[in-house]
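Scroll down for the structure; my scribbles are underneath it.
These figures come from a predicted structure and were not determined experimentally.
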Amino acid sequence: MAIKVHQKLLLTGAAGGLGQELRDRLKANCSTLRLSDRAPLSDAGDNEEIVLADLADAAAVDAMVQGVDAIVHLGGVSVEGPFGPILQANILGVYNLYEAARKHSVKRVVFASSNHVTGFYRQGETINADAPPRPDGLYGVSKAFGEDLSRFYFDRYGIETACVRIGSSFPEPKDRRMLATWLSFDDLHRLITACLSTPVLGHSIVFGMSDNAVTWWDNSRARHIGYVAQDSSDIFRDAVYARTPVPDLSDPAVQFQGGGFVKAGPFAD
């Protein structure tokens, strides 16, 4: 159940896939939901505001953040690709966001990080939040930067952040890898709700996953957040196995947790 603890909540990346899933859900967490993206959004509904902004534009981001008391930051490039767009959206953009949060005294951020921060750990390993980052590409590097930047803004300015290393959030797992990484949309909302409402968040890294029997991630370092997953990939296991081939264990996409991201690129800008 959502807990309404914020007056005005900002959701960036609201035009994206997860942003669209969370738009209605997050209304239960606040009195007013401000939606932002650089792409067009449908008209504001009840208790909604629309503020279009490019994350690389510091002035636009400053205006986007003004007046909110918490941020759910999904905005940015969400796939592996050329460095130029990643630099603008995921590195400069997250700096602009935290600078605006500092200036406007926003004290809590839920930052959409990624499992690709640790994508070069092997699928036979189980890691926790203390494991050093091992990004599997430029996208993963940018999310590792965001995690470090958010820690700096917590240590220096007291801005609490949950870095949510989202696994694979889709209606259902698409392949055998996602049996370990799957995060249902409802569990994503439960996790964000926990991050927004826990009394003391600090700077926390939490793996975004449902209650899957197979997992590579130990979330014990984030128990203080109070997230309890209610969905599981297990109900899809037989169907996934039936429609997918036996994995080639010599394939790096099968060996490493990042899947196909470990083989993507290099890219030309």
Near [X] [atom1], under 6.0 Å, is it more than 12 heavy atoms from other residues, nucleotides or ligands?
X	atom1	result
Lys174	NZ	no
Asp248	CG	yes
Arg102	CZ	yes
Arg243	CZ	yes
Tyr95	OH	no

Side-chain donor-acceptor pair present, [X], [Y], cut-off under 3.5 Å:
X	Y	answer
Thr198	His224	no
Arg23	Ser42	yes
His203	Asp155	no
Tyr139	Ser78	no
Ser210	Asp187	yes
Thr181	Ser168	yes

What I'd like to find out is whether the side chain of [X] reaches to under 4.5 Å of the side chain of [Y], using heavy atoms alone.
X	Y	answer
Arg176	Pro247	yes
Ile159	Tyr153	yes
Arg38	Leu52	no
Cys195	Ile192	no
Ile235	Glu172	no
Tyr98	Val109	yes

Separation of Leu179 CG from Ser233 OG (nearest 0.5 Å): 5.0 Å
- prompt: Would the Trp216 and Phe207 ring centres measure less than 6.0 Å apart?
  reply: no
task: Could you check His189, His6, Lys4 and say which one makes a side chain to side chain donor-acceptor pair (under 3.5 Å) with Asn29?
output: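 Among His189, His6, Lys4, the one that satisfies the side chain to side chain donor-acceptor pair (under 3.5 Å) with Asn29 is His189.
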message: Taking the basic N atoms (NZ, or NE/NH1/NH2) and the acidic carboxylate oxygens, is any pair closer than 4.0 Å for Glu147 and Lys143?
response: no
message: Would you say Val206 ends up clustered with Ile166 if hydrophobic residues are merged whenever their side chains have heavy atoms under 4.5 Å apart, either directly or through other cluster members?
response: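 They do share one cluster, since a chain of ILVMFWY contacts under 4.5 Å joins Ile166 to Val206.
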